[in-house]
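Here the structure is laid out as structure tokens; the discussion comes afterwards.
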Amino acid sequence: MEIRIINDNCTRCMLCVKDCAAAVWQEDNGVPKAAFPEDCTLCSHCLCVCPANAIEHSGLDLLQIKKIDKALVNPDAYETVVRGRRSIRHYKDRQVPDELIQKVIGLAGHTPTATNSQNVSYIVITDKEILKKISQTIFGFSVKVFHFTQKFPGNLIYTFIRAFSRSEVISRYLDPMPYYMDETKKGRDLILHNAPALILVHAPKGKNFSCENCNLAAANIMNFAYSLSLGTCYIGFLTLYLKHSKKLRRLVGIPENRMVYAALVIGAPAYGHARTASRNNPKIEWLK
Ligand SMILES: Cc1cc2nc3c(=O)[nH]c(=O)nc-3n(C[C@H](O)[C@H](O)[C@H](O)COP(=O)(O)O)c2cc1C
């Protein structure tokens with residue numbers, strides 16, 4: 001990898017040296033020098049911080065490195081996106097153009113990753129048969145669990161769990177099962193919400209920060225999609241199920257050495273939410 005200073009442009013401000021997290025840049029007799037180019041994590045901080053456009057770097061796409069229009073950074077717009085985005089569970093029966101999904105994922109590629117590993121990849125599923133199979137598999141499992149809790153010995157086990165578990169999560173999903181089964185018979189998809197597309201966000205299996213990298217990207221997908229009038233919904237049921245089911249992992253084509261750490265459906269919302277959400281104020285403890 002070739003990283004170098006264009007001497008005539010460099011003002012010797014040393015911002016490249018100060019801002020380099022990998023200590024690639026070092027000061028050499030008052031001049032910045034890329035002393036350890038092989039350690040570069042390709043974060044592009046040096047090129048972006050340089051006030052004189054004095055750095056050449058063979059490993060980066062220079063076309064992407066553009067002057068930021070600060071006037072476009074609008075806190076009110078950002079706050080509206082974050083407060084206005086909701087999980088969408090009803091979609092119009094229409095495909096999202098591939099280019100739009102590509103645009104959303106393209107921006108998610110700018111999400112930070114640990115040591116700039118950029119190890120997050122995506123599988124986009126629009127095949128209706130595969131989407132149906134995923135929903136049926138996961139909902140079918142819930143139905144089996146529900147039936148198990150309806151007769152001996154499952155009913156005893158369930159009573160025991162309810163009495164001693166502090167979490168209401170299981171009962172919250174199992175108690176309404178008769179209603180959910182009825183809705184499913186009418187054509188409702190309670191797992192992928194009949195969305196036209198599913199985005200699986202994956203990274204190396206079991207590696208430090210794989211989960212964090214994927215979920216930060218997922219958050220950007222949800223927010224950017226909302227700004228483009230698209231709806232999304234995080235599908236935790238699917239990521240949970242994929243962890244345990246080789247069959248489903250095969251169905252979605254996830255390689256053996258990768259794991260899906262976030263899954264989102266995306267599509268045109270069937271209806272919108274005109275008002276922002278009500279949320280608990282975050283509990284903050286200050287140590288001053
Ligand atoms: C980790 C995680 C898992 C989730 N899993 C599901 C899911 O499987 N199905 C679903 O419909 N919503 C799921 N959601 C959406 C949440 O229920 C939703 O974000 C929450 O109720 C707040 O509503 P809002 O997103 O509309 O503001 C999940 C959200 C997160 C963050």
Side-chain angles (χ1 to χ4, degrees), residues 78-92 104 108 111 120 122-123 125 130-146 167-177 179-184 186-203 209-245 248-249 251-252 259-283:
Y78 190 76
E79 203 176 325
T80 306
V81 168
V82 174
R83 288 181 186 272
R85 179 221 54 84
R86 306 314 309 269
S87 295
I88 299 304
R89 300 188 176 94
H90 296 271
Y91 291 90
K92 287 187 178 151
V104 172
T111 307
V120 177
Y122 303 85
I123 295 171
I125 304 175
I130 298 180
L131 296 173
K132 201 166 143 192
K133 183 94 189 129
I134 293 170
S135 292
Q136 281 175 346
T137 305
I138 299 176
F139 191 73
F141 176 74
S142 317
V143 171
K144 268 190 206 151
V145 173
F146 172 71
S167 158
E168 292 142 22
V169 171
I170 301 174
S171 51
R172 188 175 289 157
Y173 288 108
L174 282 184
D175 290 354
M177 268 316 270
Y179 168 74
Y180 291 153
M181 285 164 9
D182 227 38
E183 286 291 292
T184 302
K186 289 184 215 157
R188 191 162 160 196
D189 168 6
L190 287 146
I191 302 299
L192 300 182
H193 309 301
N194 287 121
L198 169 68
I199 302 175
L200 304 177
V201 190
H202 63 93
F209 304 119
S210 277
C211 181
E212 289 84 347
N213 292 345
C214 289
N215 278 285
L216 287 170
N220 270 337
I221 289 177
M222 291 191 281
N223 286 332
F224 189 42
Y226 174 74
S227 81
L228 293 163
S229 302
L230 289 168
T232 58
C233 187
Y234 195 110
I235 309 296
F237 283 131
L238 177 55
T239 48
L240 259 185
Y241 206 95
L242 280 168
K243 248 187 228 168
H244 303 288
S245 168
L248 211 60
R249 287 202 297 275
L251 176 74
V252 300
M259 181 54 81
V260 174
Y261 290 102
L264 306 163
V265 287
I266 188 166
Y271 49 85
H273 301 81
R275 281 171 279 275
T276 54
S278 155
R279 287 284 151 83
N280 296 336
N281 275 327
K283 190 174 166 230

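Numbering of ligands and ligand atoms starts at 1, following listing order. Owing to the predicted nature of the structure, the values given are computational and were not obtained by experimental measurement. Sequential numbering from 1 along the given sequence is applied to the chain's residues.
- Each of Leu264, Val201, Leu200, Val260 was scored for a side chain to side chain contact (heavy atoms under 4.5 Å, CB included) with Thr239, with one residue passing: Val260.
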Pair up each side-chain donor or acceptor in residues 266-279 with any protein partner under 3.5 Å, not counting sequence neighbours, and list the distances.
none

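- Tested against Tyr241, the residues Leu248, Ile134, Ile235 include a single side chain to side chain contact (heavy atoms under 4.5 Å, CB included) partner, Leu248.
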Could you tabulate the donor-acceptor pairs under 3.5 Å formed by side-chain atoms of residues 214-221, not counting sequence neighbours?
residue, atom, partner, partner atom, Å
Asn215, OD1, Tyr234, OH, 2.5
Asn215, ND2, Cys211, O, 3.0
Asn215, ND2, Tyr261, O, 3.1
Asn220, ND2, Thr111, OG1, 2.8

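- More than 12 non-hydrogen atoms from other residues, nucleotides or ligands lie less than 6.0 angstrom from OH of Tyr180.
- The side-chain hydrogen bond (donor to acceptor under 3.5 Å, both in side chains) search around Thr232 returns none, not counting sequence neighbours.
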Expected rows: ligand 1 N/O, protein N/O, dist below 3.5 Å:
residue, atom, partner, partner atom, Å
ligand 1, 5 (N), Tyr234, O, 3.4
ligand 1, 5 (N), Gly236, N, 2.8
ligand 1, 8 (O), Gly236, N, 3.0
ligand 1, 8 (O), Phe237, N, 3.1
ligand 1, 11 (O), Arg89, NE, 2.7
ligand 1, 11 (O), His193, NE2, 2.8
ligand 1, 12 (N), Arg89, NH2, 3.1
ligand 1, 12 (N), Tyr234, O, 3.4
ligand 1, 14 (N), Tyr234, O, 3.3
ligand 1, 17 (O), Arg89, NH2, 3.0
ligand 1, 19 (O), Ser87, OG, 3.2
ligand 1, 23 (O), Arg279, NH2, 3.4
ligand 1, 25 (O), Arg85, NH1, 3.1
ligand 1, 25 (O), Arg85, NH2, 3.1
ligand 1, 25 (O), Ser87, N, 3.3
ligand 1, 25 (O), Ser87, OG, 2.5
ligand 1, 26 (O), Arg86, NE, 3.2
ligand 1, 26 (O), Arg86, NH2, 3.4
ligand 1, 26 (O), Ser87, N, 2.7
ligand 1, 27 (O), Arg85, NH2, 3.3
ligand 1, 27 (O), Arg86, NE, 3.0
ligand 1, 27 (O), Arg86, NH2, 3.2
ligand 1, 27 (O), Arg279, NH2, 2.5

